[in-house]
Chemist: 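One structure, pasted below without further comment.
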Amino acid sequence: MSSADSILLSSSSMFSNNIYKPARMGKASERELIWAMRVFMTLMAILATVLAIEITSIFSLTILCSDLIYVILFPQLTSVLFVDAANIYGSIAGYIVGLIIRILSGEPLLGLRAVLRWPWYEEETDFQPFPYRTTSMLLSFLSILLVSYVTNVAFRAGWLPRRYDVLKGIVWHSESKSKGPADEQRSVEIAKHLLPDDTKDNIALEIRPRQMVEISEARNDDTFM
């Protein structure tokens, strides 16, 4: 029971903070987030109860969970780690595509017959020898790449106004531009006291917080010296 209620609490907390709160664009109050957690926790408890009643094999349930992680979450993780252009719109599209294709492919454990029949489908036994799980995963991954590329191009080229980026999923060029080597060299010069004090004060307004800390430490060293 301790593990079960921890799972319900953590999942409802992730839902309210990672899905509901961004969907409300930061306008959700603390009381509203708490109620969102309660509603989602209730729904998750009902779903877990139904699964516990319908599924009699723990091994089969474990296989089903691994199946869903492979089809839905693996493309998301791969995109986050290795695809810089991936954004939240592509992530949502990939999630929906992977889930729908996997459900339509059928699942005997849940009593779902195949609606989407892949090659070599055996109608009498409702069995699909075709690797539909891997195909669903690849289609989900391709959806992430395609939708992310299209949304990035559409917003950055001005085809879609910036106000339509309601989920704040696009990294704009002005925001992603990092400090160049010249800025790093300038911070080194400040730390080494190669510039006058008045110049340090003027440049300190343009550099990053970590560089400000370096300047403060350097001044403290001057005081002790």
Side-chain angles (χ1 to χ4, degrees), residues 7 10-28 36 40 43-44 47 61-110 112-121 127-181:
I7 292 173
S10 60
S11 61
S12 60
S13 178
M14 287 188 293
F15 170 80
S16 61
N17 287 281
N18 298 338
I19 298 178
Y20 185 81
K21 187 176 181 180
R24 293 277 289 140
M25 294 184 290
K27 298 180 181 179
F40 184 79
L43 295 177
M44 287 295 297
L47 178 61
L61 183 60
T62 303
I63 296 299
L64 178 61
C65 292
S66 302
D67 181 357
L68 295 178
I69 290 174
Y70 174 65
V71 172
I72 298 175
L73 296 184
F74 178 71
Q76 305 281 342
L77 178 63
T78 304
S79 301
V80 168
L81 294 178
F82 302 107
V83 182
D84 294 334
N87 58 39
I88 188 172
Y89 303 105
S91 176
I92 294 174
Y95 185 92
I96 295 174
V97 169
L99 181 61
I100 291 178
I101 294 178
R102 180 62 188 88
I103 292 176
L104 293 180
S105 297
E107 178 52 53
L109 184 61
L110 300 177
L112 300 175
R113 291 188 62 86
V115 177
L116 185 60
R117 300 180 178 181
W118 300 93
W120 313 307
Y121 171 73
F127 177 68
Q128 304 211 66
F130 188 81
Y132 60 90
R133 294 181 178 88
T134 300
T135 304
S136 302
M137 183 271 296
L138 293 176
L139 291 176
S140 175
F141 184 64
L142 290 176
S143 299
I144 295 174
L145 298 180
L146 180 61
V147 175
S148 297
Y149 175 78
V150 170
T151 52
N152 284 332
V153 172
F155 278 107
R156 292 173 180 172
W159 300 340
L160 289 176
R162 187 167 181 172
R163 65 177 180 275
Y164 290 153
D165 182 18
V166 293
L167 299 179
K168 309 298 181 184
I170 305 299
V171 179
W172 302 93
H173 292 298
S174 59
E175 297 174 355
S176 61
K177 185 178 180 182
S178 59
K179 297 291 183 178

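All heavy atoms count here, side chains included; hydrogens, waters and symmetry mates do not.
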Chemist: Would you compute the distance between atom CZ of Phe141 and atom OG of Ser79 and round it to the nearest 0.5 angstrom?
Modeler: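 Separation between the atoms: 4.5 Å.
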Chemist: To the nearest 0.5 angstrom, please state how far the CZ atom of Arg102 sits from the CE atom of Met137.
Modeler: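 So the CZ of Arg102 and the CE of Met137 are separated by 13.0 Å.
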Chemist: In terms of relative ring orientation, are Phe130 and Trp118 parallel, tilted or perpendicular, with 30° and 60° separating the classes?
Modeler: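 Parallel: the ring planes of Phe130 and Trp118 meet at under 30°.
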Chemist: Quick one: does any side-chain atom of Asp165 pair with a main-chain N or O of Phe155 as donor and acceptor, under 3.5 Å?
Modeler: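 Checking the backbone N and O of Phe155 against the side chain of Asp165, no donor-acceptor pair under 3.5 Å is found.
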Chemist: Look up atom OH in Tyr95 and atom CD1 in Ile100, then write down how far apart they are to the nearest 0.5 Å.
Modeler: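 Tyr95 OH to Ile100 CD1: 11.0 Å, rounded to 0.5 Å.
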Chemist: For the OH atom of Tyr132 and the CG atom of Asp67, what is their distance to the nearest 0.5 Å?
Modeler: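 With rounding to 0.5 Å, OH (Tyr132) is 6.5 Å from CG (Asp67).
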Chemist: OH of Tyr121 to OG of Ser105: how many Å apart, nearest 0.5 Å?
Modeler: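 Between atom OH of Tyr121 and atom OG of Ser105 there are 11.0 Å.
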Chemist: Counting only N and O atoms by type, is there a donor-acceptor contact under 3.5 Å from the side chain of Gln128 to the main-chain atoms of Ala114?
Modeler: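 It does not hold such a pair.
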Chemist: Got a sec, which residues hit side chain to side chain contact (heavy atoms under 4.5 Å, CB included) with Leu142, two or more places apart in sequence or on another chain?
Modeler: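 Not a single residue meets the side chain to side chain contact (heavy atoms under 4.5 Å, CB included) criterion with Leu142.
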Chemist: Rounded at 0.5 Å granularity, tell me how far OG1 in Thr78 sits from CG in Leu73.
Modeler: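 It comes to 10.5 Å.
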Chemist: Between Tyr20 and Phe15, what is the ring plane arrangement, given parallel below 30°, perpendicular above 60°, and tilted in between?
Modeler: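 Geometry flag for Phe15 against Tyr20: tilted rings.
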Chemist: Mind jotting down which residue pairs meet the side chain to side chain donor-acceptor pair (under 3.5 Å) criterion with at least one end in residues 136-145? Sequence neighbours excluded, please.
Modeler: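 Pairs touching residues 136-145 that pass the test: none.
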Chemist: Within a reach of under 6.0 Å around OH of Tyr149, are more than 12 heavy atoms found that belong to other residues, nucleotides or ligands?
Modeler: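 Check fails, neighbour count at 12 or below.
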Chemist: Would you sort out whether Asn87 and Thr151 count as a side chain to side chain contact (heavy atoms under 4.5 Å, CB included), showing the intermediate values?
Modeler: CA-CA 8 Å; Asn87 58 39; Thr151 52; 2.9 Å; yes
